[in-house]
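One structure is given here, and the rest of the page talks about it.
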Amino acid sequence: MKSHLLIFFFFFFLLFVTSQSSLASETYHHDTKTDNETIYRVSKQLCWGCVGDSLQFLFAHNLVRAAKWELPLMWDFQLQRYANWWAGQRKADCKLQHSFPEDGFKLGENIYWGSGSTWTPTDAVNAWSGEEKYYTYETNTCEAGQMCGHYTQIVWKSTRRIGCARVVCDDGDVFMTCNYDPVGNYEGERPY
């Protein structure tokens, strides 16, 4: 089992490095002064701390999906950019608010707020997946007064891509958001 996880992380790392190096190669010039400026500009865009967050988000989601025999999600940099944008919007107030108007979702979206700055992507995914205890598969319903839509979005059978972001807000709290494509949680349909 451990060897399968290592292979999974190796391929994810290769995918990530390849996509990031293509970003760097698009802006490469042969002038040494320009090369150094380009390297500096591109390295600022890469957000090396985000790599660890991305791996945590992806791994935690795929562990939950594996428990229901669902295919693993793939990391999507476009969804990550969207999540980064929304997390940036929430940085000033850390308000637990979705990026789409009510009933206007084009992507699946889970959001999380934690008091203090130490909350991790794994904490967010654990909170969302913890809603499983309120979900009844036979009736496809949540327990009265409880939420389970975060959990069902994570394990939604047709969802294939994910992109997430984490930000420490100006007040020192943490806001995290994940976007899913294709969207899940269709009324009347079971997640798996």
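Computation of the quantities below employed the complete heavy-atom set of this structure, encompassing side-chain atoms and omitting hydrogens, waters and symmetry-equivalent molecules.
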Item to complete: Identify which one of Asn179, Asn185, Thr159 satisfies the side-chain hydrogen bond (donor to acceptor under 3.5 Å, both in side chains) criterion when paired with Gln153.
Response: Thr159
Worksheet item: Counting N and O atoms only, with roles assigned by atom type, does the side chain of Arg65 sit under 3.5 Å from a partner on the main chain of Leu71, one being a donor and the other an acceptor?
Response: yes
Worksheet item: Are the side chain of Arg166 and the backbone of Trp119 linked by a donor-acceptor contact shorter than 3.5 Å?
Response: yes
Worksheet item: Taking atom types as modelled and ignoring hydrogens, do the side chains of Asp123 and Tyr112 form a donor-acceptor contact shorter than 3.5 angstrom?
Response: no
Worksheet entry | Atom pair CG (Asn140) and OH (Tyr135), whose distance is rounded to the nearest 0.5 Å | 3.5 Å
Item to complete: Check whether the ring centres of Tyr137 and Tyr192 lie less than 6.0 Å apart, and answer yes or no.
Response: yes
Discussion item. Looking at Trp85, I'd like to know if the NZ or CZ of Arg81 sits under 6.0 Å from its six-membered ring centre while staying within 45 degrees of the ring's axis.
Written reply: no
Worksheet item: Between atom CG of Leu96 and atom CZ of Arg90, what is the distance when rounded to the nearest 0.5 Å?
Response: 9.5 Å
Discussion item. Can a donor-acceptor pair be found, under 3.5 Å and without considering hydrogens, that links the side chain of Trp86 to the backbone of Gln97?
Written reply: yes
Worksheet item: Got a second to check how far Asp53's CG is from Leu58's CG, nearest 0.5 Å?
Response: 12.5 Å
Fill in: Test side-chain contact (heavy atoms from CB on, under 4.5 Å) applied to Ser117 - qualifying residues, sequence neighbours left out
Val168
Worksheet item: Could you walk me through whether Val125 and Phe59 pass the side-chain contact (heavy atoms from CB on, under 4.5 Å) check?
Response: CA-CA 10 Å; Val125 177; Phe59 183 72; over 6 Å; no
Discussion item. Can you classify the ring geometry of Trp128 versus His150 as parallel (below 30°), tilted (30 to 60°) or perpendicular (above 60°)?
Written reply: parallel
Discussion item. Show every salt bridge (Lys or Arg N to Asp or Glu O under 4.0 Å) that has at least one partner inside residues 183-192, sequence neighbours left out.
Written reply: none
